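Note that this is a predicted model, so its numbers are computed, not measured. Quick note: numbers below take in every heavy atom, side chains included, and nothing from hydrogens, waters or symmetry partners.
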2 protein chains.
Amino acid sequence: MRRMDTFTAISDPTRRQVLDLLSRHERPAGELGRAFPSVSQPGMSRHLRVLREAGLVRVRKQDRRRVYSLHWEGLAPVEAWIAKYRGFWEAELDSLEAFLDSPTKPSERPKRPRTPP
Amino acid sequence: MRRMDTFTAISDPTRRQVLDLLSRHERPAGELGRAFPSVSQPGMSRHLRVLREAGLVRVRKQDRRRVYSLHWEGLAPVEAWIAKYRGFWEAELDSLEAFLDSPTKPSERPKRPRTPP
DNA sequence: CACTAATATAACGAATTATGTATATATTGT
DNA sequence: ACAATATATACATAATTCGTTATATTAGTG
């Protein structure tokens with residue numbers, strides 16, 4: 001199988017949930033599998049492989065368990081891409097705040113209500 | 001074709017680039033198509049449909065053009081999901097700063113170098 | 001209305017991805 | 001060495017996705 005890029009890796013809801021679980025604390029593969037009863041054991045193993053190859057998780061052997069942990073650095077491409085759009089949110093938040101600040105005409109409302117010096 | 005969710009919609013590199021183009025300013029479909037010579041006209045039209053159905057772009061008819069514009073609100077699911085991981089970045093930035101602050105062993109360096117009271 | 005330009009949809013094949021069953025590998029305990 | 005547990009891989013197959021060619025739709029223009 002060809003190596004999957006980060007964006008495709010996180011396009012699957014199960015894999016995103018796995019990452020969410022791992023963001024709390026590391027877990028062995030079996031425990032992750034049990035958290036998704038609708039997914040077979042080999043199915044989960046494959047999801048984990050995808051996440052592994054995309055650099056989103058790390059594995060560590062502990063006796064006969066494979067303990068998976070989040071490797072958040074692997075999300076860097078997504079973070080970098082979406083960061084370009086964060087400005088839109090901020091702009092919108094600003095205008096939302098401005099709106100909430102201005103239930104009336106600007107001339108009718110004090111500059112900073114209930115904020116004593 | 002089944003309606004594609006946001007994460008799947010942005011899993012395609014061409015579609016991400018289309019969004020990047022639209023983040024600068026709106027453009028008619030044809031112009032977007034010409035920006036990707038490796039994609040046929042119907043191919044681009046389909047990408048645009050996916051983006052449209054995922055709520056990532058909006059269309060407006062202007063004479064015989066279809067002018068596409070970014071609808072950044074459609075990125076909210078991605079933004080919300082990845083926001084949960086932003087803490088990891090911040091934590092790491094903190095430790096990176098701490099590391100850059102500490103070129104020597106902690107015991108060898110003052111608590112707050114060059115910060116007079 | 002015929003003609004053209006711009007874009008969308010249909011139909012289809014190739015490539016990729018998803019998922020289950022069966023099997024293999026590895027590690028630990030007896 | 002053998003059995004048991006935990007996990008991975010192989011293989012087959014179904015479902016999605018992507019891209020192409022051909023065709024339809026929609027809106028202006030003469």
Whole Å only: how far is the CZ atom of R65(B) from the P atom of dA5(C)? 12 Å
Among residues at least two apart in sequence or on other chains, which ones pass ring-ring contact (aromatic ring centres under 6.0 Å, His included) with Y85(A)? W81(A)
Treating Ile, Leu, Val, Met, Phe, Trp and Tyr as nodes and any side-chain heavy-atom pair under 4.5 angstrom as an edge, say whether I82(B) and L75(B) lie in one connected cluster. yes
Would you mind reading off the distance between L48(B) atom CG and dA8(C) atom C1', rounded to a whole angstrom? 10 Å
Between H47(A) and R2(A), the residue closer to the 5' end of DNA chain C by nearest nucleotide is R2(A)
Quick one: does any side-chain atom of R15(B) pair with a main-chain N or O of L51(B) as donor and acceptor, under 3.5 Å? no
Taken to the nearest whole Å, CZ/R46(A) to P/dA10(D) is 9 Å
Can you check the D5(B) CG to dT17(D) C1' distance for me, whole Å? 13 Å
Under 4.0 Å, heavy atom to any atom of DNA chain D: which of residues 10-29 of chain A qualify? P28(A), A29(A)
Rounding to an integer number of Å, can you tell me how far E53(B) CD sits from dT16(D) P? 15 Å
Where along nucleotides 21-27 of chain C does protein come under 4.0 Å, by heavy atom, of base (B) or sugar-phosphate alone (S), with - for untouched nucleotides? BB----S
Phosphate OP1/OP2 of dA6(C): any Y68(B) side-chain N/O under 4.0 Å: no
Donor-acceptor pairs under 3.5 Å, side chain of residues 29-40 of chain B to any protein atom, not counting sequence neighbours: which ones?
{"from": "E31(B)", "atom 1": "OE2", "to": "R27(B)", "atom 2": "NH1", "distance (Å)": "3.1"}
{"from": "S40(B)", "atom 1": "OG", "to": "G43(B)", "atom 2": "N", "distance (Å)": "3.2"}

Who passes salt bridge (charged side-chain N to carboxylate O under 4.0 Å, His left out) against R58(A), sequence neighbours left out? none
M4(B) CE - dA15(D) C1' separation (whole Å): 12 Å
Could you tell me which residues satisfy salt bridge (charged side-chain N to carboxylate O under 4.0 Å, His left out) with E79(B), sequence neighbours excluded, listed by chain and number? R86(A), R86(B)
Set of side-chain hydrogen bond (donor to acceptor under 3.5 Å, both in side chains) partners for Q41(B), sequence neighbours left out: none
Among all residues two or more places apart in sequence or in another chain, which pass the side-chain hydrogen bond (donor to acceptor under 3.5 Å, both in side chains) test with R66(B)? none
For S11(A), check side-chain hydrogen bond (donor to acceptor under 3.5 Å, both in side chains) against everything at least two apart and list the hits. none
Could you tell me the separation between the CZ atom of R49(B) and the P atom of dC18(D), rounded to a whole number of Å? 13 Å
Whole angstrom value for the distance that separates C1' of dT5(D) from CZ of R34(A): 11 Å
Classify the nucleic acid contact of F36(B) as base, sugar-phosphate or nothing, counting any heavy atom under 4.0 Å across all strands shown. nothing
